[in-house]
Amino acid sequence: MAQTLRDLLKQVENLPPDTRVCVAEIDEAFAANIVQVEVVEGARIQSRVADGIEAVELANGSERVVVIRW
């Protein structure tokens with residue numbers, strides 16, 4: 001199942017606030033710095049499976065999503 005904001009906040013709740021946040025693909029040895037975090041209203045969920053493929057259309061829907069851009 002795809003991760004929710006609740007899941008993410010629970011995982012990081014005890015970390016110091018200056019902990020760096022970055023993004024990486026599964027099984028990658030390096031990560032990229034985040035450029036932007038964006039809240040998108042009106043997204044359309046196409047799949048809730050965390051399988052590494054595009055699963056959310058950032059328009060044409062009624063869902064709210066948080067997008068981390070790198």
Non-hydrogen atoms of A43 and V56 that approach each other most closely
CB-CG1, 3.9 Å
Inspect the contact between E38 and R69 and indicate whether a charged nitrogen and a carboxylate oxygen are less than 4.0 angstrom apart.
yes
What is the minimum heavy-atom distance between N33 and W70, and which atoms define it?
O-CB, 3.7 Å
Around atom CD of E25, are there more than 12 heavy atoms from other residues, nucleotides or ligands closer than 6.0 Å?
no
Counting only heavy atoms from other residues, nucleotides and ligands, does the tally under 6.0 Å from CG of D27 exceed 12?
no
Mark yes when over 12 heavy atoms from residues, nucleotides or ligands other than I26 sit less than 6.0 Å from its CD1; otherwise mark no.
no
Using side-chain contact (heavy atoms from CB on, under 4.5 Å), reason through Q46 and E54 one step at a time and then give a plain yes or no.
CA-CA 8 Å; Q46 297 183 21; E54 292 181 357; over 6 Å; no
Measuring from atom CG of L8 to atom CG of L5, what distance do you get when rounded to the nearest 0.5 angstrom?
6.0 Å
Specify the closest pair of heavy atoms between A32 and C22, including all atoms of both residues, with the distance to one decimal.
O-CB, 3.0 Å
Please assess E63 against R48 for the test salt bridge (charged side-chain N to carboxylate O under 4.0 Å, His left out), listing each intermediate value before the final yes or no.
CA-CA 12 Å; E63 300 280 340; R48 295 190 185 276; 3.7 Å; yes
Between V40 and L58, the two heavy atoms sitting closest are CG1-O, 3.7 Å
Evaluate the side-chain proximity of V66 to V37: yes if any heavy-atom separation is below 4.5 Å, no if none is.
yes
Shortest non-hydrogen contact between F30 and A24, atoms and distance
O-CB, 3.5 Å
With rounding to the nearest 0.5 angstrom, report the CG to CD distance, L9 to E13.
8.5 Å
Does a side-chain heavy-atom distance below 4.5 Å link T19 with V12?
no
